[in-house]
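Here the structure is a predicted model, which is why all the values come from computation and not from measurement.
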There are 2 protein chains.
Amino acid sequence: MADSPSLLAALAAIVGDAHVLTRPDDTAPYVADWRGHYPGIARAVVRPADTGQVARVVRLCAEAGVPLVPQGGNTGLVGGSTPDDSGREVVVSLGRMTAVRRVDPLGNSMTLEAGCTVLAAQAAARECGKLFPLSLASEGSATIGGVVSTNAGGEQVLRYGNTRELTLGLEVVLADGRVLDALTTLRKDNTGYDLKQLFIGSEGTLGIVTAAAFKLFPQPRRTVTGWVALTDPQAAVDLLAMLTDAVGERVTAFELLGREALDQVLAHPLEGMRDPLAGGYPWAVLFDVSETSARMDPAEAVEEVLGMALERGLAIDAALAASGRQAQEFWALREHVPEAQRLHGPSLKHDISVPIASIPAFIETAGAALARALPGIRIVCFGHVGDGNLHYNQSKPPGMDDKAFRARAPEIHDIVHGIAADMHGSISAEHGIGRLKQDAFLRHKAPLALDLMASLKAAFDPRGVFNPGRILPPSRP
Amino acid sequence: MADSPSLLAALAAIVGDAHVLTRPDDTAPYVADWRGHYPGIARAVVRPADTGQVARVVRLCAEAGVPLVPQGGNTGLVGGSTPDDSGREVVVSLGRMTAVRRVDPLGNSMTLEAGCTVLAAQAAARECGKLFPLSLASEGSATIGGVVSTNAGGEQVLRYGNTRELTLGLEVVLADGRVLDALTTLRKDNTGYDLKQLFIGSEGTLGIVTAAAFKLFPQPRRTVTGWVALTDPQAAVDLLAMLTDAVGERVTAFELLGREALDQVLAHPLEGMRDPLAGGYPWAVLFDVSETSARMDPAEAVEEVLGMALERGLAIDAALAASGRQAQEFWALREHVPEAQRLHGPSLKHDISVPIASIPAFIETAGAALARALPGIRIVCFGHVGDGNLHYNQSKPPGMDDKAFRARAPEIHDIVHGIAADMHGSISAEHGIGRLKQDAFLRHKAPLALDLMASLKAAFDPRGVFNPGRILPPSRP
């Protein structure tokens, strides 16, 4: 069975000939990540139609000793959802399983299959007057199975939590092909260990998520969106505290942008993009305050806070979006940062988190250390201040050779990760480990935690069928 | 070492003579649950002063093959925190470890030791202007280690989530005495499997929680408390939907009380207790709507909803608490239900959850089935409608012998649990399994889920040191 022709025939017998892809043209979208950092080779790409087919595929491959790489929208950033270059791995794409199984507005829950996109999930919730609050730049392609497996974060974590906190239940195919039905929508269920937690954020290494049930929330009726110019990151932290004091958990997003990030966006603008405020201020904050009650309006409270911030010299200038369209323009600036940085040249990316109070010290310490290591390096800093999560990226010094800059990557990563770790932070706040961050993960995670993770992997996937070598190194034979 | 004198001497060498209790007078508070259903015998009660001592106690007992029963405030309802009657088990009480290690108002987090009470935790948060939202009847005695180990729920889960959702990090002593430091306060950290989840809600069977870090929230500035008379449970579900539509996630608590529950309270009242509304209505709802912004007041929106509910015939009558004192009086009625039922005679207790939309059907179906099984049985139904969680209890028919009533318990439990399970509900929404609910747990949980739980137990506690026989049956040798 381990020889390819009979394996492929057996896979085709489960999912149909049309859904076992082997020609390079057909497999191309599945074998490399979208940034092109991890070009791989798949023995085959299999596209099952339902949970039963996933289970049969897993059982077949497990028995044949063929490793499987589960894949959703393939929007990951850490090489966790594409095959390696051995040609041994079979990609299991959940892309055909897109059903919205059930929406329960009274119970504030929704059950979806793994291949449903985040955008489609948002739409299904909206149709019944509810909010599915997961929101991230890749939401048009990212799928439910992917966001669960990576515990995706995004822009509204401050108010609604990570994917883990949105997840009520899961359906999971295990490494021996058995199907765990933990697809509950209950808010309270203390009957033994909460098994679903194991599969959330484990990047497809412990099981294949085939469906998930999520919490839904009241739909916001009004959103106040603001853009504030600030002198330094400490002012951002202080402004967040003031805003939270004034409007409580209505603060839904609170994003920081450094000048370099904004300058890169304005140097590679999409149509109509412009700086909302004049003066070349060093830092900006973009925030949303949203209100779910039609009877209340937080605008006045927000204006009062901004007035106080200006008066105290905490803010240099501030603008509230006058319309939904203007709010979208503010957000477009923020969302264009990664693409602008790509257009600007090679970039080094980090996705760190630190306790919120340590954000200013992190930015100062890391900036100084990088300037010493590579004078002229550009810091492209933006991220979710409310969660302590910064995308702390770098562009090369003006005039430096691309290749020479890329060669410095390991050293730059070590500096940034080391400073985050020293501040009790994380080297991967929301992107996960995959293959890209395994070295840093092994270096910074406590040995005892690594031991326990290896025990879990051994208990749930003793033969190493699922995504071997991702997160943890391949287990010793 | 397994013989008692040398074991006791070795324990005393770790925690000090004064903290190894063996005399029945000294161990009495630790060896039985507060309801007196599980009188046990401890080989000793050990009271370590810090995490290092806990680790040494665990290592010693693991090596000697002595089972350990971790204990917090001993307020549990399922026999999970007291020793059995074998005299073999050592109770590890965390009661001396009461430190508030750190409160970080800017980062909205707080780190506490396991023996700190929930009430003390609430106070520590309040002192820095924040809210620790866990709130339950036993909060004066229940401890942090206990609420984490049982994933406690309580009265504000609707808005703030269970203990699991409040927990950011944990410190845990493992079965071999190693200490897992996962005591982070980060909101986002996707570096491998989220190990802390395993210890939340596992009732001390996988590790001993010695400290925990929690989320804090903005303190509510105003709370609107209402008492509404209703004709049936469907009206409660409808009213919840209307209220949520009007004020969003400000609905902080939404409790249902059946007439029998209220009558028992009024038959055994504390000083000054009276029915907030006249007319002997069959069902009541008690709700809190709380607002964290000092600048906004939801009272008008709540009044409007109640007006609509009265107009549509959904509500029979309604009262808003005119003062904080009156709000406390409303809540005292709700909180007095368990004690009133105890004074009323023997009671059978259930802690089920079902999807919110199924609450009316559950109450109708279970009520009819119980009336058939035992004509005249009294249904004492109250609970957290917003979470689908009902404390669906029974008192004996008038005139029935106590013992004869108790003898029917297994049959009554089966009926209630069976109906909840048929409705995709849970047989234990917030109280856990312990020893009391193990039979029902084994009967209603999927065999695959039980298998996976047994693998976790085997991976984390291969020698069965921690709380053997609780949740899962003792492992076969």
Heavy-atom pairs under 4.5 Å with chain B are the metric here; pick the option from [options] that has the most.
options: A/Arg221, A/His384, A/Lys457, A/His424; answer: A/Arg221
options: A/Thr244, A/Thr184, A/Leu456; answer: A/Leu456
options: A/Ile433, A/Thr191, A/Thr292; answer: A/Thr191
options: A/Asn162, A/Leu450, A/Ile352, A/Asp297; answer: A/Asn162
options: A/Ala301, A/Ala459, A/Gly107; answer: A/Ala301
options: A/Gly248, A/Pro218, A/Ala182, A/Ser428; answer: A/Ser428

What part of [X] gets closer than 4.5 Å to chain B, counting heavy atoms only: side chain, backbone, both or neither?
X: A/Asp189; result: both
X: A/Ala446; result: neither
X: A/Leu180; result: both
X: A/His444; result: neither
X: A/Thr150; result: backbone
X: A/Leu472; result: side chain

Quick one: does any side-chain atom of B/Gln156 pair with a main-chain N or O of B/Thr252 as donor and acceptor, under 3.5 Å?
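The answer is no, because no donor-acceptor pair under 3.5 Å joins these two groups.
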If you count heavy-atom pairs within less than 4.5 Å of chain A, which of [options] leads?
options: B/Ile471, B/Leu106, B/Ile356, B/Leu448; value: B/Leu448
options: B/Thr185, B/Asp104, B/Val247, B/Asp245; value: B/Asp245
options: B/Ser455, B/Ser426, B/Pro355; value: B/Ser426
options: B/Gly161, B/Ala449, B/Gly388; value: B/Ala449
options: B/Arg187, B/Met296, B/His431; value: B/Met296

Tell me, side chain or backbone of [X] under 4.5 Å from chain A's heavy atoms, or both, or neither?
X: B/Pro298; answer: both
X: B/Tyr193; answer: both
X: B/Asp176; answer: neither
X: B/Ala357; answer: both
X: B/Asn389; answer: side chain
X: B/Leu174; answer: side chain

Side chain to side chain donor-acceptor pair (under 3.5 Å) for A/Lys130 and A/Asn108? Distances and angles first, verdict last.
CA-CA 8 Å; A/Lys130 295 289 175 179; A/Asn108 285 303; 2.9 Å; yes
Closest approach of [X] and [Y], non-hydrogen atoms and distance?
X: A/Met453; Y: B/Gly192; value: SD-CA, 3.9 Å
X: A/Ala246; Y: A/Val305; value: CB-CG2, 3.3 Å
X: B/Cys128; Y: B/Val103; value: SG-CG1, 3.2 Å
X: A/Ser353; Y: B/Leu186; value: OG-CD1, 3.6 Å
X: B/Pro133; Y: B/Leu166; value: CG-CD2, 3.8 Å
X: B/Ala152; Y: B/Thr163; value: O-OG1, 2.8 Å

Supply the atom-to-atom distance [X] [atom1] to [Y] [atom2], rounded to the nearest 0.5 angstrom.
X: B/Leu198; Y: A/Leu198; atom1: CG; atom2: CG; answer: 5.0 Å
X: A/Leu158; Y: A/Leu240; atom1: CG; atom2: CG; answer: 6.5 Å
X: B/Asn151; Y: B/Thr167; atom1: CG; atom2: OG1; answer: 7.5 Å

I'd like to know if A/Glu300 pairs up with B/Arg295 as an ion pair, taking the criterion as any Lys NZ or Arg NE/NH1/NH2 lying under 4.0 Å from an Asp or Glu carboxylate oxygen.
no
B/Glu291 with B/Arg250: basic N within carboxylate O range, under 4.0 Å
yes
Determine whether the side chains of A/Ser290 and A/Arg159 contain a donor N or O and an acceptor N or O closer than 3.5 Å.
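Per modelled atom types, A/Ser290 and A/Arg159 side chains form a pair under 3.5 Å.
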